Amino acid sequence: MDQGNDAVRKGPSTQSALLVLCLAGLVSGGLLHLAWSPSSAHTAWLGATLLGTAASAWWVLDGLRHKRFGTDTLALLALIGTLLVGEFLAGSIIAVMLTGGRVLEERAGRRARRDLSALLARSPTTAHRLLDGEIVTVPADDVRPGDLLLVRSGEVLPVDGRIEGDAAVLDESVVTGEPLPVERQAGEAARSGTVNAAGPFRLRATTDARRGTFAAIVRLAGDAKSDNAPFVRLADRYSAIFLPVSVVVAGVAWLMSQDPVRAVAVLVVATPCPLILAAPIAFTSGMSRCARRGVIVKSGAALERLARARVLLFDKTGTVTEGRPRLARTATGTDGSGEDVLRLAACLDQVSAHVLATAIVRAARENGLGLEQPGRVSESLGEGIEGVVGEHLVRVGKAAWAGCGEEEPPWVSAARSEAARDGSVTVFVGVDGRFAGVLLLKDRLRTDAPRTFRLLRIAGIDRTVMVTGDRQAVADLVGAYVGADEVRAEQSPEDKVEVVRTESGRAPTVMVGDGVNDAPALACAGVGVALGARGSTASSESADVVITVDRLARLAETLVIARRTRSIARESALVGMVLSFGAMLVAAAGLLPPTAGAVLQELIDVAVVVNALRALNGGLRGHSHELRGASAELVRSLDEEHHRLWPRIHELPQVSEAIALGSGEPSTELLDGLTAFLAEVGEHEERDEKLLYPQVDRALGVRGATAAMSRGHSEIDVLSRRIGAAIGELRTDCRPETRRHAARLVIELYAVLQLHFTQEEENYHVLATGDGAGKDR
């Protein structure tokens, strides 16, 4: 709905009240006419016509005030014409269709924003000032640069400042979008809006609340929203052509016949009801279609803008990644067991408040490891946690803490280097005063991200740009994974807004994000899309489109629906205009009086409405294949097995290295662990082959669609058998060539499993419907 028309609506009921009154005048006039009271009928129709004329005049004046000139002008001319020649029935019919179209458009265009209320609600209202050794709670607005503050566990930093005394662990996702916590040492800067993820610490304020980082984000979002140009309705664009043509035809008919009734008849059939109805009904239908897919589109204008989008900008964390850390793998020495290290660390982390502890405990439970309660637990702020698990003293945290000052062995340094390359976070585990393992946690990429970006390209996106606050090296890897045309890393919220503005100057844009730090960019883009399933409320408030299910693929589906909806709206409007133009010629020839013209216009309207309703269905062939019910549950269970197997797959290179470089016979524990892993993989692949793949073939409607993946199962089975034979040889023959042969087979299996699991997750696991959405085909 045009924003300028908000001035004439005191609330959602105003348009509906106008429709009810006009409809009452039309119907009551018809009943009075049937009761043989023509004068009373004409009075009722006159009242409806006058009401429609007054409303139309208001809308035209309001549009001119906002420099808009559209369909309402032609409707006003037709209504005035019916009043001048006494064709009140035709006028009341036009009034009903005009107000009815407004009601439909209002419902299609009503926005569901609350002007950044979520951002403001997150702003801290109080701060704890340290004054003469006492803690004084004061309003956050009273904090001044130089004040010393105490930030308690779980609190939001009220102002920008510098850490004093003990180190701090901060959740900076609100500002940077990155889900992994960071440790800030004394003297380092900390930004408002971030969360204290560990114990209390002292903060020396460097700004006040109004000049802090978080306040700047709020201002950016508000400024970006106000800078967004008003959208021109599809109907108004077409009326710029239709209006002068209609006026010219009516004028010619009047001049040639010297009969003003002919001109009115032309204007009646030229009344732009197809334009008024086609777009709102089509876009309302498209919005309903999106809602059935778990996507909330806040206005018809947003859906139309989305249909025009050519450039996609997207955040990394939470958009193409899962937005939460997961255990990637456990690095250990040649004689260590990854499962034992993970179990010991998880037992201790059960009682830890650190934000990574949850991920470690979850990984242990996913692997079916039994956890016991630790004893004599103590936590050292900024260092780590220690306690007794069984008969072992376990330490989890920083390297120096976990290793009790022991010099790092080469495998620990290698794990550090690997983490730096991959953007992982390292958690060191020490047992009985020695390094036992390194847990590498990573924000995993969404399995449906590459498929979604391919579908977006097919749907008409010409350029994709990743805009993230993460490091360039990590961002480049993710950008390559999804096929981004450009990667803009280490971007602040202000930088993101500038990138969006630059790209919007080149082509229509859509920005996708999920964090508070994305809110300004979402508001600035042509269309802002928020991933609301796990994203922030603030980003959802600033966005035009909210994906409520945790499925990135819905973005591509929504774009397809938007483009189809716009096509149907345009088609309906054009067909209606052509039919109306034909009726105008008939009326200009004197063969169609105004009332009959109004009835004919109604028939044209019905045809337009029926065509516009096609937007409710269809158009997703190739985009919305899904498994439901028991089939979806099967896929989800197999996906959980993938999550459990991935860390062990990532450990295969270390297993290969231990086999190839070790001296003497490989440990029985190493070989038995590899044998057990092969058996588990074999059982998983057998379930895939017998249970999953037939379901996928049926969902895709193509027999043998999974044939290539079945070949992958065969390769995995052959390699597993060869490794099993090699393990048997190693138990009796430890010659170097035997070791090298077995190590090479393990690396081959690692490569095949990596590729096979990734392909399964991208192509098949994404077919399981999530969160109750997707009932629509």
Side-chain angles (χ1 to χ4, degrees), residues 1-2 71 100-113 231-238 273-310 312 452 455-456 458-461 508-510 512 525-530 532 543-549 551 553-576 605-624 626 773-777:
M1 186 67 193
D2 288 340
T71 56
R102 283 281 169 171
V103 169
L104 288 171
E105 191 173 5
E106 178 189 54
R107 292 181 179 178
R110 191 179 303 149
R111 305 186 71 83
R113 297 182 180 177
F231 187 71
V232 180
R233 293 181 299 170
L234 178 99
D236 288 340
R237 294 200 300 272
Y238 285 163
C273 290
L275 293 179
I276 294 171
L277 291 172
I281 291 178
F283 284 110
T284 301
S285 300
M287 291 164 64
S288 175
R289 181 80 189 280
C290 291
R292 298 208 306 266
R293 306 296 297 165
V295 180
I296 305 302
V297 182
K298 296 182 180 179
S299 73
L303 195 65
E304 188 177 348
R305 288 198 302 270
L306 182 61
R308 298 173 57 243
R310 293 294 174 187
L312 173 72
T452 298
L455 293 176
L456 286 167
I458 295 171
I461 293 295
T509 57
V510 54
V512 187
V527 179
V529 179
D544 303 289
V545 179
V546 180
I547 300 177
T548 63
V549 294
R551 293 169 66 83
R554 288 289 192 267
L555 175 62
E557 293 181 18
T558 304
L559 183 62
V560 171
I561 292 172
R563 295 207 194 285
R564 183 170 186 269
T565 298
R566 186 183 65 156
S567 176
I568 290 173
R570 182 188 298 164
E571 175 187 284
S572 299
L574 290 173
V575 169
D605 295 341
V606 170
V608 166
V609 168
V610 170
N611 188 66
L613 288 173
R614 291 193 300 117
L616 282 169
N617 297 290
L620 286 181
R621 182 177 297 274
H623 288 78
S624 61
E626 289 178 349
K775 304 302 182 194
D776 169 51
R777 291 295 293 174

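Computed from a predicted model, the values in this text were never measured in an experiment. Side chains are part of it too, since the values below use all heavy atoms of this structure and drop only hydrogens, waters and symmetry mates.
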Under 3.5 Å donor-acceptor, R305 side chain and V527 backbone: no

Close side-chain approach of L306 to T558, heavy-atom, < 4.5 Å: yes

Pairwise distance CG(L303) to CZ(R563) - rounded to 0.5 angstrom: 11.0 Å

Taken in chain and number order and not counting sequence neighbours, the residues that satisfy side-chain hydrogen bond (donor to acceptor under 3.5 Å, both in side chains) with T452 are none

Shortest non-hydrogen pair, G526 vs D544, comes out as O-OD2, 4.0 Å

Nearest 0.5 angstrom please: R566 CZ to I561 CD1, how far? 15.0 Å

Identify the heavy atoms of T565 and A282 that sit nearest to each other, and give their distance. CG2-O, 3.2 Å

Distance, nearest 0.5 Å, that separates CZ of R289 from CZ of R614: 12.0 Å

Please report the closest heavy-atom contact between A615 and S285, naming both atoms and the distance. CB-CB, 3.8 Å

Please round to the nearest 0.5 Å and tell me the distance separating atom CG of L456 and atom CG of L559. 6.0 Å

Interatomic distance, L312 atom CG to L555 atom CG [nearest 0.5 angstrom]: 6.0 Å

Output for pair (I461 CD1, T509 OG1), nearest 0.5 Å, gives 9.5 Å

